[in-house]
Amino acid sequence: MDATDMIMISVDDHLVEPPDLFEHHLPARYAARDEAPRVHRRRDGSDVWMFNGQKIPNVGLNAVAGRPREEYGIEPTAFDEMRPGCWNIHDRIRDMDAGGVLGSMCFPSFPGFSGRVFAAADDKDFALAVLQAYNDWHVDEWCGAYPGRFIPMGLVPLWDADLAAAEVRSWPPGASTPSPSPRTRPRSASTASTNPPGTRCGRPARTRASWCRSTWAARASSR
């Protein structure tokens, strides 16, 4: 087989969450809280995430793309020191095109594997809102910006099996849809959204179907 005919799909990529992620996806009543996830620049010039009383750095090994191996390390880094494709979806696509990568599944950085950073928060209603904000961003903006190029990998609330199952059910698989459709996430009264039905943070919500308008089969048949 000619290597140029191969379709490369990476299932062990990483992303670095952009600093404005939660500004656009976390409901206003949570976004106004001091504990809401945010990026803070330290005196040494590095950028860290602030959440749940923790300072979580952008570890260098999460963003070494484009650097020579001798510069690899775990020291904290800043967004302006990273290759933009680590955290900017449009630059990521350009890097994927240059490297011959058709599709990618991206693990989180700041939330930790499986969203363990969110699960450690004592206020579980708040933790759930933050986790859902991450999922909304991951599907709508990261994966949804270029349908068919990414395999979404959402997070589930590890602290509650019923909530985890509900979150999974809120992302139904299916055929492509002409327009976004509402997500259905059962919630307790304490976590009920104040947004109109069918919206998330005041804008139309989507299902997983909205990012699959361009399927792997369609791409393969066009080659």
Side-chain angles (χ1 to χ4, degrees), residues 14-42 46-59 62-63 76-80 82 84-92 106-145 150 152-160 163-164 166-167 170-171 180 182-183 185 187 190-196 199-208 210-211:
H14 290 257
L15 61 85
V16 175
E17 293 77 19
D20 62 349
L21 187 164
F22 295 97
E23 295 176 12
H24 303 301
H25 294 277
L26 194 62
R29 64 195 180 97
Y30 289 117
R33 293 174 55 157
D34 291 338
E35 315 94 283
R38 68 187 187 282
V39 170
H40 169 72
R41 173 152 292 191
R42 299 196 295 192
S46 63
D47 291 329
V48 297
W49 280 95
M50 308 284 289
F51 177 69
N52 195 33
Q54 301 180 68
K55 294 181 180 180
I56 305 170
N58 282 307
V59 177
N62 288 339
T77 187
F79 283 95
D80 55 15
M82 303 177 196
C86 294
W87 57 274
N88 181 288
I89 185 58
H90 308 297
D91 288 296
R92 172 61 70 95
C106 301
F107 288 81
S109 293
F110 151 59
F113 289 113
S114 302
R116 56 180 173 75
V117 170
F118 302 151
D122 292 332
D123 185 339
K124 296 308 183 189
D125 286 348
F126 179 48
L128 179 62
V130 172
L131 180 144
Q132 291 178 340
Y134 176 90
N135 283 343
D136 289 349
W137 166 81
H138 182 71
V139 172
D140 289 355
E141 295 192 24
W142 188 260
C143 300
F150 293 94
M153 191 184 73
L155 303 176
V156 297
L158 299 174
W159 61 90
D160 188 300
L163 286 176
E167 185 65 15
S170 75
W171 303 100
R183 293 177 185 161
R185 286 175 171 144
R187 304 187 186 197
S190 60
T191 58
S193 172
T194 57
N195 295 311
T199 65
R200 295 281 293 153
C201 301
R203 61 187 181 81
R206 298 185 181 186
T207 67
R208 281 183 176 172
S210 65
W211 54 258

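Computed from a predicted model, the values in this text were never measured in an experiment. The basis for the numbers below is simple: all heavy atoms, side chains too, and nothing from hydrogens, waters or symmetry mates.
- Using a 4.5 Å heavy-atom threshold, the side chains of Pro108 and Leu155 count as touching.
- Note that CD of Glu35 is 8.5 Å distant from CZ of Phe51, once rounded to the nearest 0.5 Å.
- Minimum heavy-atom separation, Pro157 to Leu131: N-CD1, 3.6 Å.
- Atom-to-atom distance recorded for Phe110:CZ and Ile56:CD1 is 5.0 Å, nearest 0.5 angstrom.
- The shortest heavy-atom contact between Leu21 and Ala133 is CD2-O, 4.2 Å.
- A 4.5 Å side-chain heavy-atom check between Leu26 and Pro37 finds at least one atom pair inside the cut-off.
- The backbone N or O of Met153 lies less than 3.5 Å from a partner atom in the side chain of His138, making a donor-acceptor pair.
- Between atom CG of residue Leu15 and atom CH2 of residue Trp87 there is a gap of 13.0 Å, rounded to the nearest 0.5 Å.
- Nearest heavy-atom pair, Arg92 versus Cys86, reported as atom, atom and distance to 0.1 Å: NH2-O, 3.6 Å.
- Two residues are said to be in side-chain contact when any heavy atoms from C-beta on lie closer than 4.5 Å; Trp49 and Ser109 fail this criterion.
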Set out, in order, the CA-CA distance, both residues' side-chain angles and the distance that settles side chain to side chain donor-acceptor pair (under 3.5 Å) for His24 and Glu141, then state yes or no. CA-CA 10 Å; His24 303 301; Glu141 295 192 24; 5.9 Å; no
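- Among all heavy-atom pairs drawn from Trp142 and Asn88, the shortest one is CZ3-C, 4.1 Å.
- Residues Phe79 and Val39 meet the side-chain proximity criterion, which asks for heavy atoms closer than 4.5 Å.
- Taking all atoms of both residues into account, the shortest heavy-atom contact from Ser114 to Leu158 is O-CD1, 3.4 Å.
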Phe118 vs Phe126, test: ring-ring contact (aromatic ring centres under 6.0 Å, His included). Steps then yes/no. CA-CA 9 Å; Phe118 302 151; Phe126 179 48; 9.2 Å; no
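- With rounding to the nearest 0.5 angstrom, the CZ atom of Phe22 is 14.0 Å from the OH atom of Tyr30.
- Side-chain atoms of Glu167 do not come within 3.5 Å of backbone N or O of Gln132 as any donor-acceptor pair.
- Going from atom CD1 of Ile89 over to atom SG of Cys106 covers 7.0 Å, rounded to the nearest 0.5 Å.
- Judged as a salt bridge (charged side-chain N to carboxylate O under 4.0 Å, His left out), and not counting sequence neighbours, the contacts of Asp123 are Arg33.
- Across all their heavy atoms, Ala78 and Ser46 have their closest contact at CB-CA, 4.2 Å.
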Applying side chain to side chain contact (heavy atoms under 4.5 Å, CB included) to Lys124 and Asp160, what does each step give before you reach the verdict? CA-CA 9 Å; Lys124 296 308 183 189; Asp160 188 300; over 6 Å; no
